[in-house]
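Convention: sequence-line order gives letters A, B, ...; per-chain numbering from 1.
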2 protein chains.
Amino acid sequence: MRVSREQVAENRRQILEAAGRLFRQRGFEAVTVAEVMKAAGLTHGGFYGYFASKDELIATTLTELMAAPDPERVTLEAYANRYLTSEHMADCAGGCPVAALGTDIGRQSPAARAAMTEGLRRQIDRLGEGAARDDRRAARQNAIGSWAAMVGAMILARMSDDPALAQEVLKETRAFIEKRAKRTPGES
Amino acid sequence: MRVSREQVAENRRQILEAAGRLFRQRGFEAVTVAEVMKAAGLTHGGFYGYFASKDELIATTLTELMAAPDPERVTLEAYANRYLTSEHMADCAGGCPVAALGTDIGRQSPAARAAMTEGLRRQIDRLGEGAARDDRRAARQNAIGSWAAMVGAMILARMSDDPALAQEVLKETRAFIEKRAKRTPGES
DNA sequence: TAATATACATGATGTTGATCATGTTTATGA
DNA sequence: TCATAAACATGATCAACATCATGTATATTA
């Protein structure tokens with residue numbers, strides 16, 4: 001039951017997409033290789049034709065997830081306002097990989113960590129881009145602090161079993177970042 | 001081979017401490033009941049005399065970890081400066097439970113989430129305490145935003161396989177928070 | 001001190017899940 | 001068109017683990 005070249009590429013895409021969603025939803029350990037394959041419309045047997053191990057699947061999935069670049073150049077505040085929403089909070093499977101899996105990354109393979117580190121670098125650069133040429137340093141600091149706040153806020157909000165508290169965290173962190181970004185220039 | 005009443009209490013303490021360290025170090029799923037018991041100086045068999053299940057151990061451990069209150073009243077900046085350090089970054093097993101396990105909490109039992117939510121509430125209150133009576137709202141916002149930034153920064157730093165980048169994240173987030181806190185009064 | 005119940009060690013059990021082995025079908029290249 | 005090898009389905013294997021069952025020694029208490 002061989003399959004066409006394009007079908008293979010498509011299958012690989014499906015596997016990685018399914019893995020991306022399942023891992024973000026339920027975590028690396030809780031998701032089964034067989035489950036991923038089923039979600040991709042295949043059976044477990046074929047898996048090792050695509051990846052050497054579950055670890056390799058994890059690393060490849062993370063690389064894929066972190067690669068997707070937002071091409072549009074947005075301001076920090078605009079980005080934060082899209083990030084810190086109820087929709088994003090509800091959509092763990094389709095949302096930010098760091099907010100979904102962050103605390104597990106340190107326990108994964110070197111390849112997985114490398115993918116995330118690369119993504120972190122890119123994200124800091126991107127978020128710092130909007131700034132004037134003369135305060136690059138402040139812009140980078142804003143990018144880092146704001147990105148940390150976004151990630152932390154989403155994790156805290158998702159942790160909470162009280163929706164009101166979760167909303168408060170998102171909203172106040174939004175305001176925190178916005179205020180902060182306005183006063184970028186000239187700080188010690 | 002019965003054991004004295006105090007020994008039982010001591011054993012329970014040891015189990016919870018071992019669990020707290022192991023979970024933070026390696027995550028909930030990767031840690032084995034037998035491992036926890038061994039680290040507590042016992043064998044796996046006795047476990048179910050203390051807890052009904054691994055899930056119950058997780059919930060109880062988190063409750064315990066989140067209960068520990070810093071009695072000292074510190075400023076936000078002081079707290080952040082203790083939190084965002086290389087030492088804390090290296091000491092995952094003994095450090096902040098949110099930074100170690102945050103993204104896994106949403107996948108745990110209701111009891112576990114409740115414990116974390118309670119801890120989050122307490123933490124926000126504590127960090128907001130230092131403020132003057134007249135800008136409670138701003139103080140609370142600062143507490144939330146800063147706490148989110150701390151948690152996020154620690155997670156990002158631990159994620160990175162590049163020590164320099166990790167240090168930068170810690171340092172810049174420290175500065176980001178400090179800046180913010182200095183100019184609290186009179187905001188929209 | 002004797003009787004009892006308890007805490008724990010040792011040793012199952014049953015399931016789950018990663019990974020491998022094999023056979024069948026069919027795209028591909030000659 | 002044919003031979004070949006790739007993809008994948010089905011069906012092992014093998015180990016890890018949560019949880020349970022049982023026996024034993026000893027703290028407790030009457």
Side-chain angles (χ1 to χ4, degrees), chain A residues 1-62 101 104 107-112, chain B residues 1-62 101 104 107-112:
Chain A
M1 179 229 191
R2 193 173 171 176
V3 146
S4 82
R5 192 156 290 183
E6 311 88 61
Q7 190 54 239
V8 169
E10 176 59 17
N11 285 346
R12 185 185 163 91
R13 213 170 299 127
Q14 296 279 309
I15 293 172
L16 285 170
E17 191 193 313
R21 296 191 66 84
L22 286 168
F23 285 149
R24 280 179 286 181
Q25 185 79 58
R26 313 225 311 280
F28 298 119
E29 309 241 9
V31 173
T32 249
V33 165
E35 237 173 343
V36 171
M37 292 303 274
K38 180 141 128 192
L42 302 172
T43 60
H44 66 280
F47 178 77
Y48 293 88
Y50 287 94
F51 302 98
S53 65
K54 185 180 176 183
D55 268 10
E56 190 183 302
L57 172 65
I58 291 174
T60 308
T61 301
L62 289 178
L101 297 164
D104 287 327
R107 299 157 191 142
Q108 300 306 316
S109 69
Chain B
M1 179 227 189
R2 192 173 173 175
V3 147
S4 83
R5 189 154 296 182
E6 313 88 61
Q7 189 54 238
V8 169
E10 176 59 15
N11 286 346
R12 184 184 164 91
R13 213 170 301 128
Q14 296 279 308
I15 293 172
L16 285 170
E17 190 193 316
R21 296 190 66 82
L22 286 168
F23 286 149
R24 280 178 288 180
Q25 186 79 58
R26 313 226 311 279
F28 298 121
E29 309 241 12
V31 173
T32 250
V33 166
E35 238 173 344
V36 171
M37 293 301 276
K38 180 141 127 191
L42 301 172
T43 60
H44 67 279
F47 177 77
Y48 294 86
Y50 287 94
F51 301 99
S53 65
K54 186 180 174 182
D55 268 10
E56 190 181 303
L57 171 66
I58 291 174
T60 308
T61 301
L62 288 177
L101 297 164
D104 287 326
R107 300 157 191 143
Q108 300 306 315
S109 69

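- The base of C:dA27 lies close enough to the side chain of A:Arg2 for a donor and an acceptor atom to sit less than 3.5 Å apart.
- Non-hydrogen atoms lying under 4.0 Å from DNA chain D are contributed by B:Val31, B:Thr32, B:Val33, B:His44, B:Tyr48, all within residues 23-48 of chain B.
- When the P atom of C:dG17 is taken as reference, atom CG of A:Leu57 falls 16 Å away, rounded to whole Å.
- Annotation: side chain to side chain contact (heavy atoms under 4.5 Å, CB included) contacts of A:Arg13 (sequence neighbours excluded): A:Ala9, A:Glu10.
- At the heavy-atom level, A:Tyr50 lies under 4.0 Å from the strands shown only through sugar-phosphate atoms.
- In this structure the side chain of B:Tyr50 never reaches within 4.5 angstrom of the side chain of B:Leu57, judged on heavy atoms.
- By the 4.5 Å heavy-atom criterion applied to side chains, A:Glu56 and A:Tyr48 are not counted as neighbours.
- Taking each heavy atom of A:Ala18 and A:Ala40 in turn, the nearest pair found is CB-N, 4.2 Å.
- Computed from coordinates, the A:Ile15 CD1 to D:dC8 C1' distance equals 10 Å when rounded to whole Å.
- Residue A:Asn11 has a polar side-chain atom (N or O) positioned under 4.0 Å from OP1 or OP2 of D:dC8.
- In this structure, B:Ser53 and B:Glu6 both approach DNA chain D, and ranking their closest nucleotides by distance from the 5' end singles out B:Ser53.
- Counting only heavy atoms from C-beta on, A:Ser4 has its side chain closest to C:dA27 among C:dT19, C:dA27, C:dA7.
- Without hydrogens or angle criteria, B:Lys54 side chain to B:Val31 main chain gives a donor-acceptor distance under 3.5 Å.
- Following rounding to the nearest Å, A:Glu10 (CD) and D:dA7 (P) show an atom-to-atom distance of 15 Å.
- Pairs of residues two or more places apart, or lying in two chains, that qualify as salt bridge (charged side-chain N to carboxylate O under 4.0 Å, His left out) and include a residue from residues 14-31 of chain B are B:Arg26-B:Glu35.
- The distance between atom CD of B:Glu56 and atom P of D:dA18, rounded to the nearest whole Å, is 15 Å.
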